[in-house]
Amino acid sequence: MAASAKPRVAILISGRGSNMASLIAAAQAPDYPAEIALVAANRPAAGGLAHAAGHGIPTRALDHTAYPSREAFDAALQAELVATRIDLVCLAGFMRIFSAGFVEAWAGRMINIHPSLLPLFKGVHTHEQALRAGVRLHGCTVHYVVPELDAGPIIAQAAVPVRPGDDPDALAARILVQEHRLYPQALALVAGGRVRLNGERVVFSDGLAPADGALLSL
Ligand code: GRF
């Protein structure tokens, strides 16, 4: 990456891509410290592809069912990322597990948004999990990606209240609003070099406010 150039970001999606859209919108600001250079999906029908293309962003659909193995899909994706000179990868509703080799190749340069306050409620159906557990706060987390699912070092979190009468859809909607605020902030921290991964810890550079990386919406 040239010293003066913004990091080139690929966003990987599998579906509607509302978090992708929030990243694209944020990156339109001239002072945003990252450029969205590629949107790729493992499902050709992913709704977010059309939105990205409509914003002039190169898109790729790599249908994972067309590849004989996880490694073959990951190699094809890696070739696209290299060809597009990608510096950072954002997973945004990307519903596919990577081979360990792919994750290691992007160590410290690949982040994900997960709809819970990790380390609580990993995996899928996080809002059902939260309601079942009876927590009063729920939320979302942006973290570095490591081989173990939803276990990577945490960059930023946003919390929302669980209200009486909430069902999974109501909770998901309340959290999605915060996801759309949090992910652009977290990517800016990473792309701007203000946080970095050091072993298994996230290191914040000097001068960040204590609240950077934490959002609370009550
Ligand atoms: C979001 O809730 C995200 O946290 C999770 O998958 C969902 C994707 O939604 N990983 P969208 O495609 O960004 O609208």
Side-chain angles (χ1 to χ4, degrees), residues 9-28 34 36 38-55 57 59-64 77 88-98 102-103 106 110-131 135 137-162 166-190 213-215 217:
V9 173
I11 307 174
L12 307 187
I13 63 170
S14 296
R16 66 186 167 182
S18 71
N19 277 291
M20 172 213 73
S22 76
L23 293 172
I24 290 172
Q28 284 175 335
I36 310 303
L38 179 69
V39 170
N42 67 314
R43 292 184 184 138
L49 288 172
H51 179 93
H55 284 74
I57 295 169
T59 61
R60 302 279 184 281
L62 288 86
D63 183 352
H64 67 267
L77 179 59
L88 296 170
V89 174
C90 288
L91 308 183
F94 189 70
M95 301 299 287
R96 194 169 164 78
I97 292 172
F98 291 117
F102 184 92
V103 174
W106 289 94
M110 179 157 63
I111 64 178
N112 178 48
I113 188 158
H114 180 78
S116 78
L117 291 173
L118 290 172
L120 292 173
F121 314 137
K122 296 175 179 174
V124 295
H125 306 307
T126 56
H127 310 308
E128 286 88 339
Q129 291 187 55
L131 289 170
V135 293
L137 284 173
H138 186 33
C140 51
T141 301
V142 177
H143 62 92
Y144 284 104
V145 177
V146 298
E148 188 184 340
L149 190 67
D150 300 329
I154 291 170
I155 299 164
Q157 293 186 302
V160 304
V162 179
D166 269 347
D167 63 14
D169 288 345
L171 205 43
R174 191 175 307 125
I175 288 172
L176 197 61
V177 172
Q178 300 308 318
E179 292 187 39
H180 295 164
R181 295 174 63 204
L182 189 72
Y183 211 177
Q185 291 187 13
L187 174 59
L189 289 175
V190 173
L215 287 178
S217 164

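In listed order, ligands and their atoms are each counted from 1. This one's a predicted model, so the numbers in the text were calculated from it and none came from an experiment.
- At a 3.5 angstrom cut-off on N or O pairs, Asn112 does not count as close to ligand 1.
- By heavy-atom distance, the residue among Gly93, Ala92, Gly17, Gly15 lying nearest atom 12 (O) of ligand 1 is Gly17.
- Taking each heavy atom of Ala53 and Thr59 in turn, the nearest pair found is N-CG2, 3.8 Å.
- Here the heavy atom of the protein found nearest to atom 4 (O) of ligand 1 is Glu179 OE1, 2.7 Å.
- Inclusion of His114 in the set of residues having an N or O under 3.5 Å from an N or O of ligand 1 is not warranted.
- Aromatic ring pairs are classed by plane angle as parallel below 30°, tilted from 30° to 60° and perpendicular above 60°; the pair Phe94 and Phe98 is parallel.
- Protein heavy atom at the shortest distance from atom 13 (O) of ligand 1 is Asn19 N, 2.8 Å.
- In this model, no donor atom of one side chain and acceptor atom of the other lie less than 3.5 Å apart for His114 and Thr126.
- In this structure, Ile11 and Asn19 have side chains that are not in contact, with every pair of non-hydrogen atoms separated by 4.5 Å or more.
- Residue contacts with ligand 1, taken as heavy atom pairs separated by less than 4.0 Å, do not involve Met95 at all.
- Counting only heavy atoms of the protein, atom 5 (C) of ligand 1 lies nearest to Pro115 CD, 3.8 Å.
- Between Met20 and ligand 1, no pair of N/O atoms sits closer than 3.5 Å.
- No side-chain heavy atom of Asp166 sits under 4.5 Å from any side-chain heavy atom of His138.
- Between Ile113 and ligand 1 there is a heavy-atom distance shorter than 4.0 Å.
- Using a distance-only test at 3.5 Å, with no hydrogens or angles considered, a donor-acceptor pair links the side chain of Arg174 to the main chain of Pro161.
- A 6.0 Å sphere centred on CD of Glu148 holds no more than 12 heavy atoms belonging to other residues, nucleotides or ligands.
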